[in-house]
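Notes for the one structure printed next.
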Amino acid sequence: MASVKAKKKCCRDRPRCKVCPVVLMRLADAGLLERKSKRRYSFDAKPPKAAVAQARAA
C-alpha cells in the first residue's frame with residue numbers, strides 16, 4: 001500500500017498541484033484515496049489520470 005503526504009498549506013494556484021491538501025481531500029471523498037491522518041493518504045492503486053485532473057481543475 002503506497003502513501004502520499006499533503007503539503008502544509010494550499011497555494012491556491014490554478015491548476016492545483018498534485019500534493020495539494022484540497023486535491024487529496026477531493027480524491028478521498030471520491031473514494032480513490034484513504035485518509036490515514038491529517039496530512040497522510042494511502043492507496044492500493046494509483047487514481048486514474050482523469051480523476052486527478054478533475055480534482056485539480058475544480
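Only heavy atoms go into these numbers, but all of them, side chains included; no hydrogens, no water, no symmetry mates. This structure is a prediction, so every number in the text was calculated from the model and none was measured.
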Nearest heavy-atom pair of [X] and [Y]: which atoms, and what distance?
X: M1; Y: D44; result: CE-OD1, 3.0 Å
X: C20; Y: C10; result: SG-SG, 3.3 Å
X: S3; Y: R40; result: OG-NH1, 3.5 Å
X: L24; Y: L33; result: CD2-CD1, 3.7 Å

Counting N and O atoms only, with roles assigned by atom type, does the side chain of [X] sit under 3.5 Å from a partner on the main chain of [Y], one being a donor and the other an acceptor?
X: R26; Y: D29; value: no
X: R16; Y: V23; value: no
X: R35; Y: Y41; value: no

Do K46 and K49 pass the side-chain contact (heavy atoms from CB on, under 4.5 Å) test, and can you show the C-alpha distance, the side-chain angles, and the key distance before you say yes or no?
CA-CA 9 Å; K46 272 190 163 182; K49 279 190 174 184; over 6 Å; no
Any side-chain heavy atom of R56 sitting closer than 4.5 Å to one from R14?
no
Are side-chain heavy atoms of C17 and K7 found at a separation under 4.5 Å?
yes
side-chain contact (heavy atoms from CB on, under 4.5 Å), that's the test. Do E34 and K36 meet it? Break it down for me.
CA-CA 6 Å; E34 183 181 347; K36 293 293 184 180; 3.4 Å; yes
Nearest-0.5 Å distance that lies between atom NZ in K5 and atom OG in S37
8.5 Å
Would you kindly confirm whether V22 and L27 end up in one hydrophobic cluster when ILVMFWY residues are joined by side chain heavy atoms under 4.5 Å apart?
no
CZ (R12) with more than 12 external heavy atoms under 6.0 Å:
no
